[in-house]
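All values derive from a computational prediction rather than experimental measurement. Along the sequence shown, the residues carry numbers beginning at 1.
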Amino acid sequence: QVQPVESGGGSVQAGGSLRLSCTASGAFYIKAWFRQAPGKEREGVAVIVTGSGATNYADSVKGRFTISHDNTKNTLYLQMNTLKPEDTGMYYCAARTWGLSGPWYLRTSYSSWGQGTQVTVSS
């Protein structure tokens with residue numbers, strides 16, 4: 001069983017930026033970022049097909065976040081700009097080794113999860 005490992009979280013003022021990274025030892029076809037705020041459900045933030053580079057984003061982060069993948073290092077990134085307090089939460093890296101059978105933003109679509117990295121945005 002492969003366990004992705006996230007890094008890059010921290011505390012930042014509103015309007016600032018952070019870059020998250022996720023590494024995993026296995027080969028994955030689809031990777032995504034999820035986040036979970038206190039008292040709320042885990043929600044999909046962005047997804048990428050590692051081979052083609054195709055991406056999708058939650059409406060709340062479009063234009064501010066960019067997901068990317070370095071295929072040579074098998075590392076996933078999330079560049080977060082113009083951060084808002086509502087972006088605060090635990091960010092998780094999710095992955096699967098084959099194509100999606102359901103919506104990308106559903107937690108049940110992924111088989112491998114990291115432990116999470118905390119992102120806190122203050123106003």
Side-chain angles (χ1 to χ4, degrees):
Q1 179 175 311
V2 177
Q3 183 175 13
V5 179
E6 305 95 337
S7 62
S11 298
V12 65
Q13 291 286 115
S17 299
L18 286 172
R19 190 192 192 208
L20 307 183
S21 299
C22 172
T23 60
S25 60
F28 296 96
Y29 182 59
I30 296 175
K31 296 183 178 181
W33 288 100
F34 281 68
R35 68 186 180 189
Q36 188 167 19
K40 299 186 67 177
E41 65 282 353
R42 192 171 300 183
E43 63 177 355
V45 176
V47 65
I48 188 168
V49 180
T50 58
S52 70
T55 61
N56 279 104
Y57 296 89
D59 288 342
S60 59
V61 306
K62 286 181 179 177
R64 300 188 298 119
F65 291 10
T66 302
I67 188 171
S68 62
H69 190 265
D70 186 334
N71 292 332
T72 65
K73 301 182 184 299
N74 200 26
T75 300
L76 180 73
Y77 302 97
L78 185 67
Q79 179 65 48
M80 304 183 293
N81 298 326
T82 320
L83 283 162
K84 304 175 180 180
E86 52 262 45
D87 295 319
T88 293
M90 186 72 74
Y91 282 68
Y92 299 89
C93 176
R96 59 179 291 129
T97 57
W98 197 236
L100 290 171
S101 297
W104 71 267
Y105 49 83
L106 292 182
R107 183 177 182 272
T108 54
S109 294
Y110 302 88
S111 57
S112 298
W113 292 86
Q115 296 300 303
T117 184
Q118 179 67 38
V119 171
T120 302
V121 184
S122 59
S123 60

My understanding is that only residues two or more places apart in sequence, or in another chain, count here; which of them pass side-chain hydrogen bond (donor to acceptor under 3.5 Å, both in side chains) with [X]?
X: S123; result: none
X: E86; result: none
X: T97; result: none

> Between K84 and D87, is there a salt bridge with N-O shorter than 4.0 Å?
Replying inline: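 No salt bridge links D87 with K84.
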[X] and [Y]: same hydrophobic cluster, using ILVMFWY side-chain contacts below 4.5 Å?
X: L20; Y: V5; result: no
X: I48; Y: Y91; result: yes
X: Y29; Y: Y92; result: yes

> Which pairs count as ring pair (Phe, Tyr, Trp, His ring centres under 6.0 Å) when at least one residue sits in residues 95-123, sequence neighbours excluded?
Replying inline: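 Passing the test, one end in residues 95-123: F34-Y110, F34-W113.
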> Quick one: ring pair (Phe, Tyr, Trp, His ring centres under 6.0 Å) pairs with a partner in residues 48-71, sequence neighbours left out?
Replying inline: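 Counting only pairs at least two positions apart or across chains, no ring pair (Phe, Tyr, Trp, His ring centres under 6.0 Å) contact touches residues 48-71.
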> So, T50 side chain and K31 main chain: donor-acceptor pair closer than 3.5 Å or not?
Replying inline: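 It does not hold such a pair.
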> Ignoring hydrogens and geometry, is there a side-chain-to-backbone donor-acceptor pair from E6 to T117 under 3.5 Å?
Replying inline: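 The answer is no, because no donor-acceptor pair under 3.5 Å joins these two groups.
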Contact summary for [X] and [Y], nearest pair of heavy atoms:
X: V61; Y: V45; result: CG2-O, 3.6 Å
X: P4; Y: A24; result: CA-CB, 4.2 Å
X: S21; Y: W33; result: O-CH2, 3.6 Å

For residues 75-83, which side-chain N or O atoms pair as donor and acceptor with protein atoms under 3.5 Å away, sequence neighbours left out?
from: T75; atom 1: OG1; to: K73; atom 2: O; distance (Å): 3.1
from: Q79; atom 1: NE2; to: N81; atom 2: OD1; distance (Å): 3.0
from: N81; atom 1: OD1; to: S17; atom 2: OG; distance (Å): 2.9

> In Å and rounded to the nearest 0.5 Å, what is the OG1 to CD distance from T88 to Q36?
Replying inline: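 Atom-to-atom, T88:OG1 and Q36:CD are 13.5 Å apart.
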>> Using side-chain heavy atoms (C-beta onward) and a distance below 4.5 Å, is M90 in contact with R42?
In response: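 They are not in contact (no side-chain heavy atoms under 4.5 Å apart), so the answer is no.
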